[in-house]
Participant: 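The structure under discussion is supplied below as structure tokens; questions concerning it will follow.
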Amino acid sequence: MYRMKVLLGFGAATGVSLGLICHQQNRDLKTRAYASCSGLTKGISNPRQIDVIYDVAIIGGGILGCSVGYHLASLDKKKKKKIAILEKGTIGCEASSLAAGTLCHDGNDIKEPSWYDYLSTKSRPILHDLESKYGIELDLIVNGTLTVAETAAEKAYLLTAYKEMKANGSNVRFLSSHDEVAKLEPAVKGGSVIGAIYSPLGGHADPSKVTHGLCEAAEIEGAHVFEGQRVISVNKIGMVQDEDSACRYEVRTSQGKSFWARHVVVCTGCHDNKLLRESFGIEIPVIPVKGQIWVTDVRPSGTLNTVIYNAASEMTWRKIREKESEKITEKKLLPRQANINSKWKNGERMFHHVYGRQTADGTLLFGGDRIVVNDNNGHLDYAVEEERVKENYDFIKKIVPTVGDMYGSYCCYMPFSMCEDGKPLLGELTNAGLNGLWLAVGFGPSGITLGPMAGKLLAETILSTDCEYASADSDSPVMRELDPNRVVRNIISRSKSPDSKLGSQMPA
Ligand SMILES: Cc1cc2nc3c(=O)[nH]c(=O)nc-3n(C[C@H](O)[C@H](O)[C@H](O)COP(=O)(O)OP(=O)(O)OC[C@H]3O[C@@H](n4cnc5c(N)ncnc54)[C@H](O)[C@@H]3O)c2cc1C
């Protein structure tokens, strides 16, 4: 019998009911803050109005914010920099703790790595470092990923993809029959799978532990973490006289606190897009897409040996990309891709998207459904789509007959942020005249895989602009490809001037 426990409207506040580890301490802002630090108050005529002064204020304590904070603090060997992470709720209270936690990784020697290959490959050693250097447990398991085909067309697609990947140096194998796949992954035995690509370096980790681990390491390295601080405005400070050493922004929170910083990094995921709209009149083109997770009760170890994805979604998205990119601009592509998952033709779903793994505690975790949701002025939709969970379960049962029933399982829907062209936004908003204002958003369904290295790359770039850190990577092709100015620029020209707030928040 099909039964499940549905957590309606699941959101940050209910995170604890799933056993998530959240930083719950009520940190006293005043005890951790300091009124001034050497060099930084230079040029500010009346520092008495300021609650705290930092070199870098990071807005958002998801995996991206924690990764940027950790890397800034750890790369700053002389511990001169003051780093603050400002989180409206608790660390990892949104997508970063409720992701599936699957980690794609197709090899360490890819000849021409895409931005995705680069970030995923370089994120892995960061996770190993958290475990070995700081003793932080992440439940990191490298058991390989399987992308499975159910139809002849999907199998042919996988074979072509495999040949391309192999030629580019990826560490992958092609499994050409049901028996070959079942030998590696007995859970698919007797099901609909007829072939697969196997990536032995893929795996999974507990996303909550990774996010909290990065936060813990950031604090060990000297960063300050403030929970319960919703940032309500960012303003350019009109009083800075010495650009090289002084603060450029004031960050205000709903708790009435005012942080001054030389750099501000916005890592708010799909939340609070209105923050930069209201502060500077610019629109960040990321849309919220809600993703699905459902989890069974505890099963014997080895029920699933690998991480499982299906080929149908990947194949269809690629076809759409190739077909539609001729007709429409690339930047409009991804919402269509995400949307199509929720579209139906003649009463039939056009294709399914699936991911699954067995967690370290023994539960089986699956999902795949995606729905583009409205921002609704910051009020996002977390509602559980019961019928669609059942549908995902029925589909997975065909692929993985050993999944069993759903008794005792829970499910939730959680939004993540996707940029309209499908690529993250990582870099400084220079075209808007907002030097020192950085973005790390739009990591879509891959922020756990990519976030550790994306945070490092951004931290290196921020430090190198202050001539404190020379890194070849900070001027990398990846930073150029993910430069947020590619999509933010045109919108700014239609908006009010980013300088319109200049001076408006000057201390009296
Ligand atoms: C169902 C699902 C499955 C997924 N599966 C995978 C997977 O298998 N592998 C993978 O790699 N990725 C996966 N992802 C994607 C991954 O979860 C995201 O890409 C990643 O968590 C994004 O991290 P973030 O830090 O950008 O955003 P978030 O985690 O959303 O963090 C943003 C933070 O900013 C805070 N914030 C927002 N506004 C303010 C403000 N004004 N002031 C202060 N704080 C603010 C929020 O409270 C939040 O904590 C999945 C996502 C979902 C939803």
Side-chain angles (χ1 to χ4, degrees), residues 10-12 15 22-23 57-69 84-105 116 119-120 123 145 202-208 210-211 214-215 226-234 251-255 259 264-276 278-279 286 288-295 307 309 353 355-357 365-371 373 378 380 382 411-418 424-426 439-452 454-455:
F10 185 87
C22 288
H23 282 214
I58 298 160
I59 308 174
I63 190 165
L64 266 303
C66 293
S67 180
V68 174
I85 300 174
L86 311 176
E87 165 55 48
K88 70 174 166 58
T90 52
I91 291 297
C93 64
E94 297 285 352
S96 294
S97 284
L98 272 167
T102 63
L103 305 172
C104 297
H105 187 353
Y116 189 102
L119 294 178
S120 65
S123 286
T145 52
H204 57 102
D206 181 325
S208 175
V210 174
T211 304
L214 285 163
C215 179
F226 301 96
E227 292 175 315
Q229 295 290 324
R230 176 191 282 276
V231 173
I232 52 169
S233 70
V234 182
V251 174
R252 288 196 171 190
T253 76
S254 55
Q255 304 300 305
F259 294 76
V264 173
V265 189
V266 177
C267 303
T268 50
C270 56
H271 309 271
D272 262 344
N273 266 354
K274 66 179 190 312
L275 180 65
L276 293 186
E278 288 174 2
S279 296
V286 293
V289 177
K290 77 175 179 178
Q292 169 200 60
I293 298 281
W294 58 270
V295 183
V307 172
Y309 302 106
H353 176 50
Y355 39 79
R357 68 175 177 111
L365 181 156
F366 292 102
D369 193 22
R370 286 184 195 168
I371 308 171
V373 291
L380 295 175
Y382 295 82
C411 62
C412 69
Y413 275 76
M414 172 64 82
F416 54 76
S417 72
M418 261 179 171
L425 306 177
L426 191 69
L439 284 187
V441 294
F443 283 78
S446 308
I448 309 302
T449 307
L450 311 175

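Positions are given from 1 along the sequence. Order of listing sets the numbers, starting from 1, for every ligand and every atom in it. These numbers come from the heavy atoms of this one structure, side chains and all, not from hydrogens, waters or symmetry mates. Not measured: the values here are computed from a predicted model.
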Participant: List every atom of ligand 1 that sits less than 4.0 Å from any heavy atom of Leu86, numbering the atoms from 1 in the order shown and giving each element.
Facilitator: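 Near Leu86, the atoms of ligand 1 are 43 (C), 44 (N).
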Participant: Could you tell me if the side chain of Val231 sits less than 4.5 Å from the side chain of Thr268, heavy atoms only?
Facilitator: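 The answer is no; the side chains never approach within 4.5 Å.
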Participant: Just wondering, do Leu380 and Lys290 contact through their side chains at under 4.5 Å, heavy atoms?
Facilitator: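 Not in contact.
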Participant: For ligand 1, note which part of Lys290 has a heavy atom under 4.0 Å away: side chain, backbone, both or neither.
Facilitator: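 For Lys290, no heavy atom sits under 4.0 Å from ligand 1.
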Participant: What residue and heavy atom of the protein are closest to atom 51 (C) of ligand 1, and at what distance?
Facilitator: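 Going atom by atom, the protein heavy atom closest to atom 51 (C) of ligand 1 ends up being Phe416 CD2, 3.5 Å.
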Participant: Using a 4.5 Å cut-off on heavy atoms from C-beta on, say whether the side chain of Phe443 contacts that of Ile63.
Facilitator: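 The answer is no, as the side chains (C-beta and beyond) never meet within the 4.5 Å cut-off.
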Participant: Quick one: closest heavy-atom pair of Cys93 and Glu87, and the distance?
Facilitator: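 Smallest heavy-atom distance, with atoms named: SG-OE2, 3.4 Å.
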Participant: Please state whether Ile293 comes within less than 4.0 angstrom of ligand 1, counting heavy atoms only.
Facilitator: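 Right, Ile293 reaches ligand 1.
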Participant: Out of all atoms in ligand 1, which are within 4.0 Å of some heavy atom of Gly291? Include the element for each.
Facilitator: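 Heavy-atom distances to Gly291 below 4.0 Å select 1 (C).
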Participant: If we only count heavy atoms from C-beta on, is the Leu64 to Val441 side-chain gap below 4.5 Å?
Facilitator: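 The answer is no, as the side chains (C-beta and beyond) never meet within the 4.5 Å cut-off.
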Participant: Hey, does Gly451 sit under 4.0 Å from ligand 1 if you only count heavy atoms?
Facilitator: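 Heavy atoms of Gly451 never come under 4.0 Å of ligand 1.
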Participant: Do Tyr382 and Val373 have side chains that approach each other closer than 4.5 Å (heavy atoms only, starting at C-beta)?
Facilitator: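 Contact flag for Tyr382/Val373 side chains = no.
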Participant: Between Val234 and Ile59, is any pair of side-chain heavy atoms under 4.5 Å apart?
Facilitator: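 Val234 vs Ile59: side chains touch.
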Participant: How far is atom 27 (O) of ligand 1 from its nearest protein heavy atom, and which residue and atom name does that atom have?
Facilitator: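 Among all protein heavy atoms, the one nearest atom 27 (O) of ligand 1 is Gly269 CA, 3.6 Å.
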Participant: Any idea which heavy atoms bring Ser67 and Leu214 closest together, and the distance?
Facilitator: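 It is CB-CD1, 4.0 Å.
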Participant: Which pair of heavy atoms, one from Cys215 and one from Ile91, lies closest together, and at what distance?
Facilitator: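 So the minimum-distance heavy-atom pair works out to SG-CG1, 3.7 Å.
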Participant: Give me the nearest non-hydrogen protein atom to atom 48 (C) of ligand 1 as residue plus atom name, then the distance to 0.1 Å.
Facilitator: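 The answer is Glu87 OE1, 3.4 Å.
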Participant: If you compare all heavy atoms of Gly61 against all heavy atoms of Cys66, which two are closest, and at what distance to 0.1 Å?
Facilitator: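 In terms of heavy atoms, the two residues are closest at O-SG, 3.7 Å.
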Participant: Starting from atom 3 (C) of ligand 1, find the nearest protein heavy-atom neighbour and note its residue, name and distance.
Facilitator: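 That would be Ala100 N, 3.4 Å.
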Participant: Give me the atom names and distance for the closest heavy-atom approach of Pro415 to Ala95.
Facilitator: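 Smallest heavy-atom distance, with atoms named: O-CB, 3.6 Å.
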Participant: Might you point out which heavy atoms bring His204 and Val307 nearest each other, and give the distance in Å?
Facilitator: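 Heavy-atom minimum between the residues: CD2-CG2, 3.7 Å.
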Participant: One residue to check: Ile59. Relative to ligand 1, which of side chain, backbone, both or neither has a non-hydrogen atom less than 4.0 Å away?
Facilitator: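 It is the side chain that gets close, since no backbone atom is under 4.0 Å.
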Participant: What residue and atom, counting heavy atoms only, is the protein's closest point to atom 43 (C) of ligand 1, and at what distance?
Facilitator: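 Among all protein heavy atoms, the one nearest atom 43 (C) of ligand 1 is Lys88 N, 3.2 Å.
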Participant: Assess His204 for proximity to ligand 1: is some non-hydrogen atom of it under 4.0 Å away?
Facilitator: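 Flag not set, His204 not near ligand 1.
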Participant: Side chains of Phe259 and Val264, heavy atoms from C-beta outward: is any pair under 4.5 Å?
Facilitator: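 No, too far: nothing below the 4.5 Å cut-off.
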Participant: Could you establish whether Ser446 and ligand 1 come within less than 4.0 Å of each other, counting only heavy atoms on the residue side?
Facilitator: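 The answer is yes, since Ser446 has a heavy atom less than 4.0 Å from ligand 1.
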Participant: Output the list of atoms in ligand 1 that are nearer than 4.0 Å to some heavy atom of Cys267, sorted by atom number.
Facilitator: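 So the atoms of ligand 1 that pass are 32 (C), 33 (C), 34 (O).
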Participant: Once rounded to the nearest 0.5 Å, what's the spacing between atom CG of Leu450 and atom SG of Cys104?
Facilitator: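 Spacing of CG (Leu450) from SG (Cys104) equals 8.5 Å.
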Participant: Which of the listed options, Gly62, Pro207, Ser96, Gly442, holds the heavy atom that is closest to atom 29 (O) of ligand 1?
Facilitator: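 Looking at heavy atoms only, the winner is Ser96.
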Participant: Return the residue, atom name and 0.1 Å-rounded distance of the protein heavy atom closest to atom 41 (N) of ligand 1.
Facilitator: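 Checked against all protein heavy atoms, atom 41 (N) of ligand 1 sits closest to Asp272 OD2, 2.6 Å.
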Participant: What atoms of ligand 1 come closer than 4.0 angstrom to any heavy atom of Phe443?
Facilitator: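 Counting atoms of ligand 1 from 1, those under 4.0 Å from Phe443 are 19 (O).
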Participant: Tell me which one of Ala440, Ala99, Gly444, Ala95 gets a heavy atom nearest to atom 15 (C) of ligand 1.
Facilitator: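 It is Gly444 that holds the nearest heavy atom.
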Participant: In ligand 1, which numbered atoms sit nearer than 4.0 Å to a non-hydrogen atom of Cys93?
Facilitator: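 So the atoms of ligand 1 that pass are 47 (O), 49 (O).
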Participant: Taking the side chain as every heavy atom from C-beta outward, state whether Ile293 and Tyr355 have any atom pair closer than 4.5 Å.
Facilitator: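 Side-chain contact under 4.5 Å: yes.
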Participant: Which ligand 1 atoms does Met414 reach within 4.0 Å, using its non-hydrogen atoms?
Facilitator: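 In order of numbering, the contacting atoms are 53 (C).
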Participant: Tell me the protein heavy atom at minimum distance from atom 30 (O) of ligand 1, and give that distance in Å.
Facilitator: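 Result: Glu94 CB, 3.5 Å.
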Participant: In terms of atom number and element, which parts of ligand 1 are under 4.0 angstrom from non-hydrogen atoms of Thr449?
Facilitator: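 Matching atoms, with element in brackets: 9 (N), 10 (C), 11 (O).
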Participant: Could you tell me which atoms of ligand 1, counted from 1 in the order shown, lie closer than 4.0 angstrom to a heavy atom of Gly60?
Facilitator: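 The list of qualifying atoms is 33 (C), 34 (O), 35 (C), 44 (N).
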Participant: Could an N or O of ligand 1 be found under 3.5 Å from any N or O of Gly101, whether backbone or side chain?
Facilitator: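 Gly101 vs ligand 1: N/O contact under 3.5 Å present.
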Participant: Look at atom 6 (C) of ligand 1 and say which protein heavy atom is nearest, naming residue and atom and giving the distance to 0.1 Å.
Facilitator: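 For this ligand atom, the closest protein heavy atom is Pro445 O, 3.5 Å.
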Participant: Considering both backbone and side-chain atoms of Thr102, is one of its nitrogen or oxygen atoms within less than 3.5 Å of a nitrogen or oxygen in ligand 1?
Facilitator: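 Yes, since at least one N or O of Thr102 sits under 3.5 Å from an N or O of ligand 1.
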